[in-house]
Amino acid sequence: MAKLQSPRGTSDLLPEVMAGHRHVTDTAKTVSLSFGFEEMATPVFEFTEVFARPLGETSDVVSKETYTFTDRGGESLTLRPEGTAGAVRAMISSGLTQTMPQKYFYAGPMFRYERPQKGRMRQFHQIGVELLGVPSAIGDAEVITLGHMVLSRLGVADHCVLNLNTLGDTESRQAYRQALVEYLNGHKDNLSEDSQRRLHLNPLRILDSKDAGDKDILVNAPDLADYLNAVSADHFAAVREYLDAVNIKYQINSRLVRGLDYYGHTTFEFITDALGAQGTVMAGGRYDGLTAMLGGGDIAGVGWAAGIERLAMLSDIPSPPPVDVMMIGTSEPHMATLFQLAMPLREQGLRVETGYASNLGKQMKRADRINAGHVVILGDDEAARQVAMVRSMTDGHQDEVAINDLVEHMIGRIRQRQI
RNA sequence: GCGGGUGUAGCUCAGUUGGUUAGAGCGCGGGUUUGUGGUACCUGAGGUCGCCGGUUCAAUUCCGGUCACUCGCCCCA
């Protein structure tokens, strides 16, 4: 059927789905705040260079996944494919590079043009944190610890494994890169087509190839750990000590490379096996060169981002608060009376639903469907005696209550039930 | 961008080895109960059988294309 539908890879966040998203962002925000990270937001689009340079022109994200367009003024703009570059740009734009450290939490939509799959959308949502201006290992550790706490509050930490690696500093990485290319060139003809291409563009990416033939070749490939200089090795050791100190388990994965060019030193991913091919639930690392790339000077950074859709699929979503009272009037004037009486109840924090029509049976049915705890009925009989009928939907008991006392009566009744 | 699977009512799915009125359960409307929900019974509405084309006397069914969804690859949260 030729239905009117949302564009491919996008989806509506109807209340039930939205509740999951809210749960994820709310708990992440709360945890972030407890670490001193405060919420911020950047525009969903930026000048194209903001992403093109730091992420790497050859990265897949930039070369084939961005939504880029020219606006009416002739500027090339890009819908953000991730949050870090924009957050760093915002810090630079606002002159905050003089005030270190900066600690940000953000949540919002991201856009990547790719084939949708389970846990992978063209418009998807991420939460993330960025810690700027802290070059030492305690920064890496804090950010990872924060991420771990978010996952554990969401009840997904037990289903995830923290993979940890270091890419070393620029010097170490270049030395390793050279050794790796040298080794792989010797096996060039046996590499997969994709990896042969990557050999020129980004050889490190070959390390996490899923091709069986590539994997065989990689068994004897040089190990990055052997090429770390003293600074890089010390940094990584310190990160691990911090994590050990707070008892966070991890697994060293020397093949964990990450797709974006701006990473150096620590990289990590929390991975689950519960989401098919999209196992990465939260990923990040250190990006000390990024701020300089955007023209903001030499400022260190570490952070992570996590997919809200993926997290929501893995966590138990608490059900919304129940409806406390539904107000049913059997005619316009009675509905008007209840309309007024509902206000002080809501001001007391009760959740009060309106019966929008006068057919009592139908309204009762709706009260049942939305799981209302009580129903207040005002009809001609009651109105004539200045009372209203208060019915408990759980046990079916109903009492007449004077209209003048109704507000106080309902508040008392529901408060009592809540204790 | 590449490969596999799927597409029948609001939802979950049967079905027609090509044939006249296409079904079920749930949900929805009305009623038994003209001021009382959750149970039960009765009853009703709702379908271009994704779209376009081909084969055929006849296509929802066969064939081709296309679109969408879905799973995987690439890549990534």
Side-chain angles (χ1 to χ4, degrees), chain A residues 1-11 24 55-56 58-66 80-84 107-128 147 160 192-195 197-198 201-202 205 208-212 214 257-260 269-272 275-284 303-314 326 328-331 334 355 358-383 389-398:
Chain A
M1 154 185 359
K3 275 184 188 167
L4 184 60
Q5 55 197 152
S6 70
R8 170 172 233 193
T10 66
S11 75
V24 170
L55 305 200
T58 64
S59 70
D60 280 44
V61 168
V62 167
S63 64
K64 60 179 205 192
E65 291 173 7
T66 48
R80 60 181 187 194
E82 56 96 52
T84 303
M110 305 292 165
F111 306 85
R112 289 183 199 175
Y113 187 88
E114 46 185 354
R115 198 80 180 259
Q117 255 171 263
K118 179 178 190 163
R120 168 200 250 159
M121 304 288 290
R122 289 185 171 181
Q123 174 175 342
F124 61 105
H125 299 79
Q126 285 188 336
I127 49 173
C160 291
S192 66
E193 213 174 296
D194 283 327
S195 290
R197 186 172 44 81
R198 285 184 283 220
L201 297 176
N202 194 339
R205 210 88 57 78
D208 60 2
S209 170
K210 284 168 194 159
D211 182 86
D214 289 353
V257 176
R258 322 262 30 252
L260 310 178
E269 288 187 16
F270 287 89
I271 299 175
T272 175
L275 285 178
Q278 278 66 240
T280 302
V281 133
M282 174 182 283
W304 52 253
I308 296 178
E309 283 84 354
R310 291 184 187 178
L311 288 173
M313 279 189 273
L314 294 172
M326 178 155 155
I328 303 175
T330 62
S331 68
H334 303 326
S358 56
N359 181 319
L360 182 54
K362 259 190 211 174
Q363 296 307 308
M364 288 298 292
K365 207 162 185 171
R366 187 162 85 91
D368 186 58
R369 192 171 56 226
I370 65 179
N371 236 321
H374 295 83
V375 141
V376 170
I377 300 164
L378 185 59
D380 294 342
D381 292 356
E382 290 85 2
M389 195 68 86
V390 176
R391 180 180 175 93
S392 159
M393 293 298 278
T394 46
D395 57 24
H397 279 305
Q398 50 186 42

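Keep in mind the model is a prediction, meaning the values are calculated, not measured. Order of the sequence lines sets the chain letters (A, B, ...), proteins ahead of strands, with each chain counted from 1.
One interatomic measurement links the two molecules: NZ of A:K362 to P of B:C28, which rounds to 13 Å at whole-angstrom precision. Taking atom CE on A:M110 and atom C1' on B:C76, their separation rounds to 13 Å, with Å as the unit. The interatomic distance linking A:R122 (CZ) with B:C69 (C1') rounds to 13 Å, in whole Å. Distance A:I271 CD1 to B:A77 P: 11 Å, rounded to the nearest Å. Rounded to a whole Å, the CG atom of A:L314 is 12 Å from the C1' atom of B:A77. The nearest whole Å value for the distance from the CE atom in A:M313 to the C1' atom in B:U70 is 13 Å. One interatomic measurement links the two molecules: CH2 of A:W304 to P of B:A77, which rounds to 13 Å at whole-angstrom precision. Look at CZ on A:R120: it is 14 Å from P on B:G1, rounded to the nearest Å.
When every heavy atom of A:M393 is checked against every heavy atom of A:A367, the shortest pair comes out as CE-CB, 4.0 Å. Summarising the geometry of A:R8 relative to A:R122, their closest heavy-atom pair is O-CD, 3.3 Å, with the distance given to 0.1 Å.
Rounded to whole Å, the separation between the C1' atoms of B:U60 and B:G7 comes to 12 Å. B:G27 and B:C42 are spaced 15 Å apart, taking the P atom of each and rounding to whole Å. Taking the P atoms as reference points, B:C49 lies 27 Å from B:G4, given to the whole Å. Taking the C1' atoms as reference points, B:C71 lies 27 Å from B:C62, given to the whole Å. Going from the C1' atom of B:U32 to that of B:U39 covers 14 Å, rounded to whole Å. B:C76 and B:C26 are spaced 48 Å apart, taking the P atom of each and rounding to whole Å. B:G25 sits 28 Å from B:G18 when the C1' atoms are compared, rounded to a whole Å. Between B:G50 and B:A9, the two P atoms lie 8 Å apart (nearest whole Å).
Contact check, A:K118 against B:C69: no side-chain N or O comes under 4.0 Å of OP1 or OP2.
At a threshold of 4.5 Å between non-hydrogen side-chain atoms, the residues A:M326 and A:Q363 count as touching. A:M364 places a side-chain heavy atom less than 4.5 Å from the side chain of A:R391. Between A:N359 and A:T330, the closest side-chain pair of non-hydrogen atoms is not below 4.5 Å. Considering only heavy atoms from C-beta on, A:I271 stays 4.5 Å or farther from A:V281 through its side chain. A heavy-atom distance below 4.5 Å is not found between the side chains of A:P81 and A:E65. Between A:R112 and A:E82 there is a side-chain heavy-atom pair separated by less than 4.5 Å.
Between A:H125 and A:P116, the residue anchored nearer the 5' end of RNA chain B, judged by the nucleotide with its closest heavy atom, is A:P116. Each of A:A306 and A:G379 was assigned the nucleotide of RNA chain B with the nearest heavy atom; the assignment lying further toward the 5' end belongs to A:G379.
Donor-acceptor pairing under 3.5 Å, judged by distance alone, is present between the side chain of A:R310 and the base of B:C76.
Distance from the side chain of A:Q117 is smallest for B:C74 among the nucleotides B:G35, B:A77, B:C74. Distance from the side chain of A:R8 is smallest to B:U70 among B:U70, B:C71, B:A77.
Nucleic acid contact class of A:V281 (heavy atoms, under 4.0 Å, all strands): sugar-phosphate only. Within 4.0 Å (heavy atoms only), A:G119 reaches at least one base atom of the nucleic acid. At a threshold of 4.0 angstrom between heavy atoms, the contacts of A:A283 are confined to the sugar-phosphate backbone, with no base atom among them. Within the 4.0 angstrom heavy-atom criterion, no nucleotide atom of any strand lies near A:T330. Nucleic acid contact for A:N359: none, since no nucleic acid atom lies under 4.0 Å from a heavy atom of the residue.
A:T280 places no side-chain N or O within 3.5 Å of a backbone atom of A:M282 that could act as its donor or acceptor partner.
For the atom pair NZ (A:K362) and CD1 (A:I328), the distance works out to 13.0 Å, reported to the nearest 0.5 Å. Atoms CZ and OG1, on A:F124 and A:T10 in that order, are 13.5 Å from each other to the nearest 0.5 Å.
Base pairing in RNA chain B yields stems of at least 3 consecutive Watson-Crick or G-U pairs, both distances under 3.5 Å, namely B:1-7 with B:67-73, B:10-13 with B:23-26, B:28-32 with B:40-44, B:50-54 with B:62-66.
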Tell me, for nucleotides 36-41 of chain B in 5' to 3' order, what letter each nucleotide earns: B for a base near a protein heavy atom under 4.0 Å, S for only sugar-phosphate near one, - for neither?
BBB---
